[in-house]
Amino acid sequence: MPTELELERAYDGWYRPRSGRFGGPGDSLLRKLRAGLATRLAKTAPNGPILDVGAGDGTLVEALRAAGRDAAGIERVPSPPWVTETALADVEGQWAGIVYWHSLEHLRGAGEELRLAVSKLSPGGILAVAMPNAASMQAAVFGDRWFALDYPRHLVHVPSSALRSRLAELGMSIDRVSYWRGGQVLFGWLDGFVGWLPGRPSLYAAIRRAPARERPMSTSARIATLAAACLLVPLALACAAFEVACRRGGTVYVEARHV
């Protein structure tokens, strides 16, 4: 388990620069996807505020507010409006919805965090969790080179069954389980296949802006990596579709309701 200093270095600067993380249409595509999630949560959650835990740059919070919902976020390094630096234990009030969009795996005590989240939900409140699925086919194929391991930032790696079992233990009624809605399914395969090529190029680095890369990448290497990824899209699509059909997708999205 990394120390706090190691974690600070892992999140420092390049990981989420103010200028944006992804090149081309990447950041705008993420905003559209978050808007879709916000629309869904705005319809399924009862009346009341919604909290985004691990809100990042606040994209989901802004989308929820644009959808007409009162929303706030918490993050280890806050910067946008409506996002504060605090722990869930210190957040007051009851919430109609609490969201962990690829943030639960960043927490040391994920199981206890879920218990705390449930205690802060109002009756009928929604708990939405998206996270990597350690029981996925891509995790088995790529092993310690699986994209979603993301050491040292990801501290918890669990199969989807463990997440669902924990929510059931906490008395939550599971409304929806999706092995596609959690995102990164296709990309997990693409990144893994590209990483098998000579020199082990990183597709994740190639799609990020220069200030958002952990290490420098030449223009020629970036172009070659992106070109290889384009050629591998059909194979990655087939693998992603197969693992989703087998309910072993690279990520899992779970909506559970407080009863």
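Since this is a predicted model, take the numbers as computed values, not measurements.
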A.B. asks: Are Phe142 and Leu186 in one and the same hydrophobic cluster, where Ile, Leu, Val, Met, Phe, Trp and Tyr link if side-chain heavy atoms are under 4.5 Å apart?
C.D. replies: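 Looking at the clustering, Leu186 is in the same group as Phe142.
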
A.B. asks: Val254, Val156: one ILVMFWY side-chain cluster at the under-4.5 Å cut-off?
C.D. replies: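 Per the 4.5 Å side-chain linkage, Val254 and Val156 are co-clustered.
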
A.B. asks: Hey, does Leu41 have a side-chain heavy atom less than 4.5 Å from the side chain of Arg69?
C.D. replies: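 Side chain of Arg69 against side chain of Leu41, heavy atoms only: no contact under 4.5 Å found.
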
A.B. asks: Whether Arg65 and Glu62 form a salt bridge (side-chain N of Lys/Arg under 4.0 Å from carboxylate O of Asp/Glu) is what I want to check.
C.D. replies: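 No, no charged N to carboxylate O under 4.0 Å.
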
A.B. asks: Cluster question for you: counting only ILVMFWY and a side-chain heavy-atom cut-off of under 4.5 Å, with indirect links fine, are Phe242 and Leu190 together?
C.D. replies: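 Yes, it is one cluster - the side chains of Phe242 and Leu190 are joined through contacts under 4.5 Å.
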
A.B. asks: Does Glu4 come within less than 4.0 Å of Arg108, counting only side-chain N to carboxylate O?
C.D. replies: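 Looking at Arg108 together with Glu4, the answer is yes, because their closest N to O distance falls below 4.0 Å.
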
A.B. asks: Please check if the side chain of Ser165 supplies one atom and the backbone of Ala162 the other of a donor-acceptor pair under 3.5 Å.
C.D. replies: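 No, because the side chain of Ser165 does not come within donor-acceptor range (under 3.5 Å) of the backbone of Ala162.
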
A.B. asks: Search all heavy atoms of Met137 against all heavy atoms of Glu243 and return the closest pair with its distance.
C.D. replies: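 Residues Met137 and Glu243, closest heavy atoms: N-OE1, 3.4 Å.
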
A.B. asks: Could you give all pairs that pass the ring-ring contact (aromatic ring centres under 6.0 Å, His included) test and reach residues 148-173, with sequence neighbours left out?
C.D. replies: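 Passing the test, one end in residues 148-173: His106-His154, Tyr151-His157.
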
A.B. asks: Take Phe187 and Phe147 through the ring pair (Phe, Tyr, Trp, His ring centres under 6.0 Å) test and state the conclusion after the steps.
C.D. replies: CA-CA 9 Å; Phe187 187 82; Phe147 165 72; 5.0 Å; yes

A.B. asks: Give a yes or no answer on whether the side chain of Asp175 reaches the backbone of Glu255 with a donor-acceptor pair at less than 3.5 Å.
C.D. replies: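 No, because the side chain of Asp175 does not come within donor-acceptor range (under 3.5 Å) of the backbone of Glu255.
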
A.B. asks: Return yes when atom CG of Asp90 has more than 12 non-hydrogen atoms of other residues, nucleotides or ligands closer than 6.0 Å, and no otherwise.
C.D. replies: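 Count over threshold, so yes.
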
A.B. asks: Are Leu167 and Trp95 connected, step by step, through hydrophobic side chains (Ile, Leu, Val, Met, Phe, Trp, Tyr) whose heavy atoms are closer than 4.5 Å?
C.D. replies: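 Yes, same cluster.
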
A.B. asks: Do you know which two heavy atoms are closest between Pro159 and Ala135, and how far apart they sit?
C.D. replies: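 Minimum heavy-atom contact is CB-CB, 3.5 Å.
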
A.B. asks: For Arg176, I'd like to know if atom CZ has over 12 heavy atoms of other residues, nucleotides or ligands within 6.0 Å.
C.D. replies: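 Yes, CZ of Arg176 has more than 12 neighbouring heavy atoms, counting only those of other groups under 6.0 Å.
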
